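All remarks here apply to the structure that follows.
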Amino acid sequence: MHTIEQYQELVLDYLKSQRFNKEPQNLYEPITYILGFGGKRIRPVLTLMSAEMFDSDYRLALPAALAVEVFHNFSLIHDDIMDEAPLRRGRETVHEKWDVNTGILSGDAMLILAYQFFENYESDIFRDLAKLFSKTALEVCEGQQWDVDFENREDVTLDEYLKMIQYKTAVLLGAAMKMGAIIAKTSDQNASLIYDFGVQLGIAFQIQDDYLDAFGDPETFGKQVGGDIIENKKTYLYLKAIEFASVEQKDQLRHLYSIEPQDNSEKIASVKELFAETGAALATQQAIENYTHMAFATLDRINIHADKKQMLKAFGRLLMERKV
């Protein structure tokens, strides 16, 4: 197997080999723009790692890996429009740099392009990949809708939140890994277990993202710190704060999540203080660790060489230690 850094380079090289600079320019230029943002390329890396873990050639998995990456970035364009987000990875979002209509249409084109990458596979593999991809894409949409719905609800439960992030974020990590397993033609049991590993790691990843949204360093986070607070999103931090808070703290937190001040800096600072005071910040960090360990326990059930398991565990730890 390759190192994580090598997988990232392999994904980047394959991405550069694709021709997205076609006409009309205003459709394809935003696609090239967002795909060039960089980042860790987590999802395609997991596809390549999974394929090699089950003794396949990583090169066979490159089209599926890029399908996952293109789909992920398509979802980011549309998410940013819905959230009215000004920044993505420290750069202007597509709808800010161009306009909303361009963001919608370029995103739609990316979804179609993602499916086209599966045309590189023989019929049986194509069928299994497309079936998994369609299921996952629909779940991501369902998760996004729940996320939007929760902004206007005061009765969101922790179980509802966890289901939402599983669909919105975690299933795509699980699918990325299962695609590698499908391409490697491993057993159904192995494919199912590696999917579960990816989902559990994805839940930890999203809870970490929520934590960084509030407590991350603006210089390294790449997005607007406090964006979830501004949008009144019921994250793990918020739900744990409500669970642990006194009556007075609950009233204060709910009030802060009901206002839209001109200057959000004071609102963000006050909410973060409540997250810390109630113990929600610490509980969130513990949840990240717990879901990571659950993922590692699932990985241990797969009958592969210990060295391969250690590599995936190292990747999981890297994700949980990230600052972006």
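Worth saying up front: this structure is predicted, and the values here are computed from it rather than measured.
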Problem - Ala51 to Ala184 - nearest heavy-atom pair and separation - result: O-CB, 3.8 Å

Exercise for the section: Step through the shown structure and confirm whether more than 12 heavy atoms of other residues, nucleotides or ligands are within 6.0 Å of CG on Asp188. Expected result: no

Practice task
Output the distance between atom OH (Tyr238) and atom CG (Leu256), rounded to the nearest 0.5 Å.
Solution key: 9.5 Å

Practice task
Report yes if some heavy atom in the side chain of Asn21 is under 4.5 Å from a heavy atom in the side chain of Tyr28; otherwise report no.
Solution key: no

Completion exercise
In terms of heavy-atom contacts, Ala276 and Ala281 come closest through CA-CB, 4.3 Å

Handout entry: Main-chain N/O of Ile288 paired to Thr292 side chain as donor or acceptor, under 3.5 Å
Key = yes

Problem - Straight-line distance of Asp99 CG to Ile104 CD1, nearest 0.5 Å - result: 9.0 Å

Problem - Heavy-atom donor-acceptor pair, Lys272 side chain to Phe215 backbone, under 3.5 Å - result: no

Return all side-chain donor-acceptor pairs below 3.5 angstrom for residues 68-76, not counting sequence neighbours, or 'none' if the list is empty.
{"unit_1": "Glu69", "atom_1": "OE2", "unit_2": "Arg41", "atom_2": "NH1", "d": "3.0"}
{"unit_1": "Glu69", "atom_1": "OE2", "unit_2": "Asn73", "atom_2": "ND2", "d": "3.4"}
{"unit_1": "His72", "atom_1": "NE2", "unit_2": "Arg43", "atom_2": "NH1", "d": "3.3"}
{"unit_1": "Asn73", "atom_1": "ND2", "unit_2": "Glu69", "atom_2": "O", "d": "2.8"}
{"unit_1": "Ser75", "atom_1": "OG", "unit_2": "His72", "atom_2": "O", "d": "2.6"}

Problem - His95 side-chain N/O to Glu84 backbone N/O, donor-acceptor pair under 3.5 Å - result: no

Problem - Cation-pi check, Lys178 onto Tyr195 ring (under 6.0 Å, within 45° of axis) - result: yes

Problem - Asp83 side-chain N/O to Asp80 backbone N/O, donor-acceptor pair under 3.5 Å - result: no

Handout entry: Glu231 side chain vs Lys233 backbone, donor-acceptor pair below 3.5 Å
Key = no

Practice task
Would you list the pairs meeting salt bridge (charged side-chain N to carboxylate O under 4.0 Å, His left out) in which at least one residue belongs to residues 52-67, sequence neighbours left out?
Solution key: Asp55-Lys308, Asp57-Arg59

Practice task
Could you tell me which non-hydrogen atom of Gly198 sits nearest to which non-hydrogen atom of Met177, and how far apart they are?
Solution key: CA-SD, 4.2 Å

Problem - Side-chain donor or acceptor of Thr47 paired with backbone N/O of Ala176 under 3.5 Å - result: yes

Handout entry: Heavy-atom check, side chain of Val247 versus side chain of Asp251, under 4.5 Å
Key = yes

Handout entry: Option from Leu15, Leu12, Val11 for which side-chain contact (heavy atoms from CB on, under 4.5 Å) with Pro44 holds
Key = Val11

Practice task
Indicate, with yes or no, if Ile112 and Leu35 share a hydrophobic cluster defined by side-chain heavy-atom contacts under 4.5 Å among Ile, Leu, Val, Met, Phe, Trp and Tyr.
Solution key: no

Practice task
Only counting residues at least two apart or in another chain, list the ones meeting salt bridge (Lys or Arg N to Asp or Glu O under 4.0 Å) with Glu122.
Solution key: Lys185

Fill in the blank from the handout: Residue set satisfying side chain to side chain donor-acceptor pair (under 3.5 Å) with Asn101, at least two apart, ordered chain then number -> none

Practice task
Check whether any side-chain heavy atom of Phe205 lies under 4.5 Å from a side-chain heavy atom of Ile42, and answer yes or no.
Solution key: yes

Exercise for the section: For the pair Tyr211 (side chain) and Leu237 (backbone), establish whether a donor and an acceptor sit closer than 3.5 Å, ignoring hydrogens and angles. Expected result: no

Completion exercise
Scanning both residues in full, the closest heavy-atom pair of Gly103 with Ile77 reads O-CG2, 3.2 Å

Completion exercise
Hits for side chain to side chain donor-acceptor pair (under 3.5 Å) against Gln189, two or more places apart or cross-chain, chain-then-number order -> none

Exercise for the section: Starting at CH2 of Trp146, measure out to CG of Asp149 and round the result to the nearest 0.5 Å. Expected result: 9.5 Å

Exercise for the section: State, yes or no, whether a side-chain contact exists between Tyr58 and Leu62 at a heavy-atom distance under 4.5 Å. Expected result: yes

Exercise for the section: Keeping the roles fixed (side chain from Ser106, backbone from Leu27), state whether a donor-acceptor pair exists under 3.5 Å. Expected result: yes

Practice task
Determine whether Phe117 and Leu111 fall in the same hydrophobic cluster, where Ile, Leu, Val, Met, Phe, Trp and Tyr are linked whenever their side-chain heavy atoms lie under 4.5 Å apart.
Solution key: yes

Handout entry: Which residues share a side chain to side chain donor-acceptor pair (under 3.5 Å) with Tyr33, sequence neighbours left out
Key = none

Practice task
May I ask you to test the Ile194-Leu312 pair for a side-chain heavy-atom distance under 4.5 Å?
Solution key: yes

Handout entry: Check: Asn232 and Lys267 side chains under 4.5 Å, non-hydrogen atoms
Key = yes

Exercise for the section: Mark yes or no for whether Gln252, through its side chain, and Gln249, through its backbone, hold a donor-acceptor pair below 3.5 Å. Expected result: no

Handout entry: Check: Lys309 and Phe197 side chains under 4.5 Å, non-hydrogen atoms
Key = no

Problem - With sequence neighbours excluded, residues passing side chain to side chain donor-acceptor pair (under 3.5 Å) with Gln286 - result: none

Exercise for the section: Please check if Leu274 and Phe244 belong to a single hydrophobic cluster, counting links between Ile, Leu, Val, Met, Phe, Trp and Tyr side chain heavy atoms closer than 4.5 Å. Expected result: no

Completion exercise
Heavy-atom closest pair (Thr186 atom, Ala191 atom, distance to 0.1 Å) is CG2-N, 4.1 Å

Exercise for the section: Indicate, with yes or no, if Leu158 and Leu253 share a hydrophobic cluster defined by side-chain heavy-atom contacts under 4.5 Å among Ile, Leu, Val, Met, Phe, Trp and Tyr. Expected result: yes

Exercise for the section: Would you list the pairs meeting side-chain hydrogen bond (donor to acceptor under 3.5 Å, both in side chains) in which at least one residue belongs to residues 298-307, sequence neighbours left out? Expected result: Gln200-Thr298, Asp300-Lys313

Handout entry: Contacts of Asp79 that satisfy salt bridge (Lys or Arg N to Asp or Glu O under 4.0 Å) - sequence neighbours left out
Key = none

Exercise for the section: Could you check if a side-chain atom of Phe275 sits within less than 4.5 angstrom of a side-chain atom of Ile229, using non-hydrogen atoms only? Expected result: yes

Practice task
Find out if a path of hydrophobic residues (ILVMFWY) with successive side-chain heavy-atom gaps under 4.5 Å connects Leu239 to Leu282.
Solution key: no

Completion exercise
One should read off an interatomic distance between Gln18 CD and Thr32 OG1, to the nearest 0.5 angstrom, of 11.5 Å

Practice task
Could you tell me whether the side chain of Asp213 and the main chain of Asp228 form a donor-acceptor pair under 3.5 Å?
Solution key: yes

Which side-chain N or O atoms in residues 127-140 pair as donor and acceptor under 3.5 Å with protein atoms at least two apart or in another chain?
{"unit_1": "Ser134", "atom_1": "OG", "unit_2": "Tyr115", "atom_2": "OH", "d": "2.8"}
{"unit_1": "Ser134", "atom_1": "OG", "unit_2": "Ala130", "atom_2": "O", "d": "3.0"}
{"unit_1": "Lys135", "atom_1": "NZ", "unit_2": "Glu139", "atom_2": "OE2", "d": "3.0"}
{"unit_1": "Thr136", "atom_1": "OG1", "unit_2": "Leu132", "atom_2": "O", "d": "2.8"}

Exercise for the section: Mind checking the OG-CG spacing from Ser258 to Asn152? Nearest 0.5 Å is all I need. Expected result: 12.0 Å

Handout entry: With sequence neighbours excluded, residues passing salt bridge (Lys or Arg N to Asp or Glu O under 4.0 Å) with Glu160
Key = Arg153

Practice task
Start with the C-alpha gap between Asp159 and Thr157, add the side-chain angles, then the distance that decides, and say whether side chain to side chain donor-acceptor pair (under 3.5 Å) holds.
Solution key: CA-CA 5 Å; Asp159 284 344; Thr157 67; 5.5 Å; no

Handout entry: Met49 CE to Met1 CE distance, which is reported to the nearest 0.5 Å
Key = 4.5 Å

Exercise for the section: Start with the C-alpha gap between Glu5 and Glu9, add the side-chain angles, then the distance that decides, and say whether side chain to side chain contact (heavy atoms under 4.5 Å, CB included) holds. Expected result: CA-CA 6 Å; Glu5 293 76 15; Glu9 284 298 317; 5.8 Å; no

Distance-only check: which donor-acceptor pairs under 3.5 Å involve side-chain atoms of residues 167-174, not counting sequence neighbours?
{"unit_1": "Lys168", "atom_1": "NZ", "unit_2": "Gln144", "atom_2": "OE1", "d": "3.2"}
{"unit_1": "Lys168", "atom_1": "NZ", "unit_2": "Asp147", "atom_2": "OD2", "d": "2.6"}
{"unit_1": "Thr169", "atom_1": "OG1", "unit_2": "Gln206", "atom_2": "OE1", "d": "2.7"}

